[in-house]
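Chain letters run A, B, ... following the sequence lines, proteins first and then strands; every chain starts at 1. Since the model is a prediction, treat every value here as computed from it, not as a measurement.
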Amino acid sequence: MLKRIDWLTVLFYVLLVFFGWINIYSTTLSDTSISIFNTSTLYGKQLFFIGVSLIGVLVILFVDTNFFERFSGVFYVVGLVLLVGLFPFGKVIGGAKSWYDLGFMNLQPSEFVKVAAALALAKYLSDIQTDIKNRKHQFYAILIILIPVLLVSPQPDPGSALVFFSLFFVLFREGLPIYFLGLALLLIALFVFTLMFGTIWVAIGLGMMISLFFFFKRPDLKIPTIPLVVFITGCLVVSLSVNFVFNNVFEQRHRDRFGLWLNLEKDTSKLEQIKKTIGYNTYQAEKAIESGGFFGKGFLEGTRTKGDFVPEQHTDYIFSSVGEEWGFIGTALVILIFTLFFLRLVQIAERQKREFSRMYGYGIISILLIHYFINIGMVIGILPTIGIPLPFFSYGGSGLLFFTAMLFIFLKFDASRLNESI
Amino acid sequence: MKKLLLSSIIIIIGITFIGRLSYLQLFSFSPNQILEDPAIKTVYDYPERGYIYDRNGELLVGNQPAYDVMVIPRETRALDTLEFCGLLGLEKEDFLLKMKKARRYSPRLPSVLVAQLSKEDYARLQEKMRKYIGFYIQKRSLRDYVTNSAANVLGYISEVNETDLRTNPYYTAGELKGRTGIEKQYEDVLRGRKGVKYIQKDRFNRDIGKFKNGKLDTLPELGKELHITIDKTLQEYGERLMHGKRGGIVAIEPTSGEILAMISGPTYNPDLLVGRERSKNYTKLHYDSIARPTWDRSILAEPSPGSPFKTLNALVALQEGVILPETKFKCYNGFYVGKNKKGCHCGGGTRDLNSGIFNSCNAYFAGTFRKIYGKYKTTDEGMDTWEKHMKSFGLGDYLGTDLPTGRPGRIPDKAYYDKAYGDNRWASSFIISNAIGQGEVAATPIQLANMTAAIANKGFFYTPHIIKQIGNNSTIDPLYTQRRYTTINKKHFEPVIDAMTNVYKYGTAKWLQIPGIEIAGKTGTVENFTRINGERVQLTDHSIFVAFAPVNNPKIAIAVYIEHGYYGGRYAGHIASLLIEKFIKGEITRTDLEKKMLEKTLEHEYAKPLSGEPFEINEYNW
């Protein structure tokens, strides 16, 4: 059994967890040097969580492979119940009612639901009766994704809500027409460009792109007129409605985040104000990364890390510590490890013979990938601020435990793939 | 396609991240960041500024501690405002206003609440200070003047301004820097080098220990003490003599070029520019545009040199071989330039070099001057030759002293006259006034003193300088130990010096002899003009005197310039005579002369052009 575990993936996992802990140690180290095993310190706690996670790994490896598939529906329902239970019993941390207080640790059920949703979606799609081309089945699959979204959004936890959306990649892999993705990207593009340049320029750009398309298209390709007109009108309507949504649906803090992200604010004094308030974290994180330069300032030498200039640095902003202390070498290495890690997981997913395993694999890759994309994108200032941890890296017990669990469940499926007979 | 979608997204994300990170960490990164890093506080440890001693090792400038009351607004607690104000000597409103200012500057950083307490206030306040949380006393070092003279020579220090900060990376806001005089010239030496400590802060600006365990910290380097060439006694005495008079005095030791005294009148007490009243006093001094106490006349005033310049014309004529000491000119109580007669006060008669100098005969030197030009075919050539000789005495250009200011004076050349009269539209008759040191020539008192030193040395001088010793190192810049030779042959100096000795024996300064000391000198009485309501008005002549003594072994060369002091033998001659005696003998034997100079002022002269009424000039009685 152990021989068939994909040790390369495990190596990437160990590297990420280890380097993550190193940076947590640096950000949370105080002057009085205390043993790294002392759980009154954050780095001590994280070490304890790493130990718990290892126990979790052992448990997963010795549980029967079919257990997860068989009980996936149960997990999912339990998860939803836990999410609903947050409304009366949840504990508020950092403004979001997303936690259960277990005494020795705080548990975030949405982490558990992420695993459960990936399992449930895989289970449903791999069912012999499910046909992804069927509109009704498409609807049910999407419902599995959307129910958790509806439950976590009011906490509020927009980060987790986005994570569930990432499960759409599973659907694309299994045959959901790709234009859904194209449509989503188009909407995002329209939204961003309208905010940045205004509707008129979006219309001009759209016109130019369609002209170019007609200029270069194959002569024999016929474009029906009515859908084209509908498409153009649709785009313009969306573009025109952007300002309304932005000014009336969004709250001020959202507007500020977008404003900062897209450089919408031209008034320098207001910009300074945003940098000191809503954009403070991002601004400080960017500056900390920038100050690292190529070689970084060295382990435990990051002045901004030591000075605690970046709030939440051990959790969501842990990557800024990498940037400051390890420089470009460190950040590039982390990006490289993550990239190889994800590519390896895709490779593993594709070699699964069982559809369930492959779909579950795609589910967890999507979940991990969107965490990684949004977290680092936010810290280095190319995405707006959305609170979401960096998998295996950020401080946090339930995060590490469930990221580890979802990964090793997959590795367990992979290790037992040769025993399967279908 | 479906299988590659996720892999391509993973790779695109990776490339985007690497791209953004290279932008941040490779392109936006600036290596010089320790001072800009908000997480590192830089604390400076200032060394004491170097002391300044005079040529005999007497202390001129030391340091005194001063105490600033500082406040960190955030840390203050409720306090008995009235009692505290009483201790600080502040009004309550004033106190509240200052607190508000400090809070506005920064609630977390210290601000000065009361600057530069006196020692007495400090003693009173110190024991009660612990009652006032958030306030503390910071010690600073200020200049302490042991003398009340030489203000312009010593110069003053003040806080660095924006320009200093921009141009010199050494300074940070609030530091002190030499502004004028020696404090400016030898700033680097006196200042020393501040020590630096880097302290790691957190985002609330609290200290959380040394940055890198103090690896980058440096210790302060003490400022060096400076010995200058000024003779404190002579300087102080000269300033007393200048009481109520405007002008400049420079005394030089001819054998070394060391400046013994540099006196400018009116002057001020250097103590005025130290302490709490500093800015008030500075404004008062700086904006006194009539007496201009901060304008160092000894090195900046550029009057026409008057008759002392005749000695140089005599030397040039001898060097050029156009006259011999015996050559005679006739004085018709004046001389003619074309049809115009210019006056002479020598008494008339036939003059040779000796009596031409000691009686200061204008006609003699007009003749001599014409001969110099007559030697050359064109006026241009004569001009060039004359100019070259004059400039070799350090005239007409910056002398190169180690003082941060100076003026070139003027030896007019072809270009100057071409500009004034048009190209080649002038002749030697236009410039005849230069023969007697009037007209276009101009020289600062230090140039006159230096010229006198060159005569005393019979043909060379050392660049006048103020530095004698830096720290323990008594070798100074070789620039100041090299002889600068004039273009005049040594032998020609003998007759001129003889004649200058006769100035004291028989001539214009015979009432000013010092018993037991043989002096050579030359008086000067310089016509000068001003403009009142657009009209050119003549004022009382400037009184100028140059001298050196003893003749056989010159120890001091001196130039005295007194604005509107009338003829040379009057104020300038008296003061020069007293200073020479003071320097050589160490005491004054002619107390009546001394008393007269200490008491007499020229304020009535200076008031004349400002009175708005018609006035007499060159009044005989004094």
With a 4.5 angstrom heavy-atom cut-off, is it the side chain or the backbone of [X] that approaches chain B, or both, or neither?
X      : answer
A:L369 : side chain
A:I365 : side chain
A:I335 : side chain
A:L181 : side chain
A:F295 : neither

| message | Taking every non-hydrogen pair under 4.5 Å, which of A:L345, A:L336, A:V346, A:I380 racks up the most with chain B? | response | A:I380
| task | Return the option, out of A:S366, A:G327, A:A349, with the maximum number of heavy-atom pairs under 4.5 Å with chain B. | result | A:G327
Mutual orientation of the aromatic rings belonging to [X] and [Y] [parallel < 30°, tilted 30-60°, perpendicular > 60°]:
X      : Y      : answer
A:F338 : A:F341 : perpendicular
A:F172 : A:F169 : perpendicular
A:F410 : A:Y360 : tilted

| note | Output for pair (A:L125 CG, A:L176 CG), nearest 0.5 Å, gives 9.5 Å
| query | How long is the gap from CG on A:D316 to OG1 on A:T385, to the nearest 0.5 Å? | reply | 10.0 Å
| Pair B:K98-B:E91, salt bridge (charged side-chain N to carboxylate O under 4.0 Å, His left out): steps then yes or no | CA-CA 11 Å; B:K98 285 182 173 213; B:E91 294 294 316; over 6 Å; no
| query | Side chain, backbone, both or neither: which part of B:L26 has a heavy atom under 4.5 Å from chain A? | reply | side chain
